[in-house]
> 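Next up is a structure, given as structure tokens.
These values consider heavy atoms only, across backbone and side chains, with no hydrogens, waters or symmetry-generated copies.
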Amino acid sequence: MPTTEDVRGALLGVIDPELGDNVVDLGMVRDVAVGTDGFVTVTIALTVAGCPLQKQLRADIDGKVGAVPGVSGVAVRMGEMDAGEKAALMARARAKAQDRGIITDIPATTRILAVASGKGGVGKSSVTANLAVSLALRGLTVGVLDADIWGFSLPRMLGVEGQVVGEDRKMVPIQQPVGEGRLKVLSMGLIGGAAEDQAIMWRGLILNRAVQHFLEDVRWGELDYLLIDMPPGTGDVQMGLARMLPRADMVIVTTPALAAQKVAARAADMARRGYLRVAGVVENMTAFRCDHGEEYPLFGSGGGERLANELGVPLLGQVPIEPAVARGGDEGRPAALGAGPAAGAFHDIAARIVLEVAPLVELTGCTARMLDNIERAVAPKAR
């Protein structure tokens, strides 16, 4: 059975998008009740009655708490803060503005999706590249962070060339237009001196620090989605990202094989131990269809659906084996830019992400007017 501590731990991953802090530390969680049947009731105090952000907060709470093992259901009750609670929230927000552990340029409204797998070879980077293109084709601005420091491949897959430059001591991602949208790409492969065929022999602590630089020292600017291509497995980088980006959601990539499904489950377990929401599963290399219409499940069948059912999350889509995907990755022209079954699958997954799984957040003013007061409070210290 889940405990109230388990639930409060999960709520640490629910971030007020205007104040950039979690609802527990902001004092917004008034009560957590866990029934004998595993049903959880969370009572939240909002800064303003009828706050327009309550729908987003409700969805995030449901997703984070619902992912805790043993939780059978979630109910969220909303109330309004009294004067004392609002004063305490302001004090917390002011302190956070003065002294933050991790400060990033990622906008509060950006939806962050970490694309992960339990092991290499399942096409995780290919899925990341094609999903980024599919989202950009919808007119969105999409950041792509290649956190697979050892095995970076996204510059080639996306056809991005050049070197990242600095501006006011911040790295500026390389931008590339895609249809009505655009990509902003950052990778070790775009940093001066990093050759595509040269080994990067860094140990865990240095790798984690490099990823932290990719988060803290980057001028992302306007951003609708940020896709993070995670390294395979459950090591230092993955645990570090869970700590540094608690508002990220995880998308798990697997192939249909049972063995791949079981390994992918470890990545999902790591995410949940770090209180990250698993947004869904993508099954890659589903089957090969020959010219006369016959399908051949070369890597087995059913792994994606089994994993999604096991985790209690949606199967976002199944991407068939298609030569255009591999060819597009080699040539820097992702399959999602063209037509075909694989391109259609990526477009459908992108649509589910935008419309159902991780829709964009609109800031409409629950705590926005407090932000001016916070900025005025900390401005004299900044000078």
> Could you pull out all residues at least two apart from Q318 that satisfy side chain to side chain donor-acceptor pair (under 3.5 Å)?
E283
> Sequence neighbours left out, what passes salt bridge (charged side-chain N to carboxylate O under 4.0 Å, His left out) with E161? Give chain and number order.
none
> Is the number of heavy atoms from other residues, nucleotides or ligands under 6.0 Å of R219 CZ greater than 12?
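It does: R219 CZ has more than 12 such atoms within range.
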> Drop me the distance from L360's CG to T109's OG1, to the nearest 0.5 angstrom.
7.5 Å
> Could you list all the salt bridge (charged side-chain N to carboxylate O under 4.0 Å, His left out) pairs where at least one residue sits in residues 250-265, not counting sequence neighbours?
K262-E310
> How does the hydrophobic cluster around V172 look, that is, which other residues are in it when side-chain heavy atoms under 4.5 Å mark a link?
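Its cluster partners, ordered by chain and number, are V165.
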> Just jot down the side chain to side chain contact (heavy atoms under 4.5 Å, CB included) partners of L223, sequence neighbours excluded, or say none.
P107, T110, T141, K184, W220, L226
> To the nearest 0.5 Å, how far apart are CD1 in I106 and CZ in R111?
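Here the rounded value is 13.5 Å.
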> When rounded to the nearest 0.5 angstrom, what distance separates CG in L311 from CD1 in I252?
7.5 Å
> Just wondering, more than 12 heavy atoms not from E305 lying within 6.0 Å of its CD?
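No.
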> Is there a side-chain contact between L307 and L315, using heavy atoms and a 4.5 Å cut-off?
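Side-chain contact under 4.5 Å: no.
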> Quick one: which residue pairs count as a side-chain hydrogen bond (donor to acceptor under 3.5 Å, both in side chains) with a foot in residues 325-341, not counting sequence neighbours?
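Found none.
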> Considering all heavy atoms of both residues, which atom of L183 and which atom of A132 are nearest to each other, and what is their separation?
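Heavy-atom minimum between the residues: CD2-O, 3.6 Å.
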> Please name all residues satisfying side chain to side chain contact (heavy atoms under 4.5 Å, CB included) with M285, sequence neighbours left out, ordered by chain then number.
T255, F299, I321
> Between F288 and P323, which heavy-atom pair has the shortest distance, and what is it?
CE1-CD, 4.5 Å
> Under the salt bridge (charged side-chain N to carboxylate O under 4.0 Å, His left out) rule, collect the residues that match up with R182, sequence neighbours excluded.
E222
> Verify side chain to side chain contact (heavy atoms under 4.5 Å, CB included) between V185 and D146, making sure each step is shown before the conclusion.
CA-CA 8 Å; V185 185; D146 195 346; over 6 Å; no
> At what distance, to the nearest 0.5 angstrom, does CG of L26 lie from CG of L11?
12.0 Å
> Below 4.0 angstrom, N of the basic side chain to O of the carboxylate: do D229 and K124 qualify?
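Salt bridge present between D229 and K124.
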> Let me see the working for V263 and T254 under side chain to side chain contact (heavy atoms under 4.5 Å, CB included), right down to the final yes or no.
CA-CA 9 Å; V263 175; T254 185; over 6 Å; no
> Any heavy-atom pair between the side chains of V29 and I44 that's under 4.5 Å?
yes
> How close do P341 and P320 get, heavy atom to heavy atom, and via which atoms?
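Looking at all heavy atoms of both residues, the closest pair is CB-CG, 3.8 Å.
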> Starting from the C-alpha separation in whole Å, work towards a yes-or-no answer on side chain to side chain contact (heavy atoms under 4.5 Å, CB included) for L158 and V133.
CA-CA 8 Å; L158 291 169; V133 166; 4.0 Å; yes
> Of L154, V127, T128, I112, which meets side-chain contact (heavy atoms from CB on, under 4.5 Å) against L227?
T128
> Within the 4.5 Å heavy-atom criterion, are L46 and L57 side-chain neighbours or not?
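Side-chain contact under 4.5 Å: yes.
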> If we ignore hydrogens and angles and just use 3.5 Å, is the side chain of D37 paired with the main-chain N or O of S72 as donor and acceptor?
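Checked: no pair found.
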> E356: what forms a salt bridge (charged side-chain N to carboxylate O under 4.0 Å, His left out) with it, not counting sequence neighbours?
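Counting only residues at least two positions away or on another chain, E356 forms a salt bridge (charged side-chain N to carboxylate O under 4.0 Å, His left out) with R352.
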> Quick one: pull up OG in S117 and CZ in R266 and give me the separation to the nearest 0.5 Å.
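Output value for this atom pair is 11.5 Å.
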> Would you please say whether a donor-acceptor pair under 3.5 Å links the side chains of T43 and D31?
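No - no donor-acceptor pair under 3.5 Å links their side chains.
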> Within the 4.5 Å heavy-atom criterion, are M81 and M28 side-chain neighbours or not?
yes
> Heavy atoms only: give me the nearest R30-A45 pair and the separation to one decimal.
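Where R30 meets A45 most closely, the heavy atoms are NE-CB, 3.6 Å.
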> How far apart are the closest heavy atoms of P2 and P69, and which atoms are they?
CB-O, 3.9 Å
> Report the residue from V253, N284, V282 that forms a side-chain contact (heavy atoms from CB on, under 4.5 Å) with V122.
V253
> Taking the side chain as every heavy atom from C-beta outward, state whether V218 and P173 have any atom pair closer than 4.5 Å.
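Side-chain contact under 4.5 Å: yes.
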> With rounding to the nearest 0.5 Å, note down the distance linking CG in L131 to CD1 in I353.
5.0 Å
> Do V313 and V281 have side chains that get closer than 4.5 Å, going by heavy atoms?
yes
> What pairs with A75 under side chain to side chain contact (heavy atoms under 4.5 Å, CB included), at least two apart in sequence or on another chain?
F39, T41
> Under 4.5 Å between side-chain heavy atoms, chaining through other members, with only Ile, Leu, Val, Met, Phe, Trp and Tyr counted: pull out the rest of the cluster around M1, sorted by chain and number.
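Noted: M1 shares its cluster with no other residue.
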> Taking the side chain as everything from C-beta on, heavy atoms only, tell me whether T3 gets closer than 4.5 Å to D6.
yes
> Find out whether L137 and V178 are in side-chain contact, i.e. whether some heavy atom of one side chain is under 4.5 Å from a heavy atom of the other.
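Side chain of L137 against side chain of V178, heavy atoms only: contact under 4.5 Å found.
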> Which heavy atom of A358 sits nearest a heavy atom of L113, and at what distance?
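Reported closest heavy-atom pair: CB-CD2, 4.2 Å.
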> Could you work out, with salt bridge (charged side-chain N to carboxylate O under 4.0 Å, His left out) as the rule, every residue matching D25, not counting sequence neighbours?
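By the salt bridge (charged side-chain N to carboxylate O under 4.0 Å, His left out) rule, D25 matches R92.
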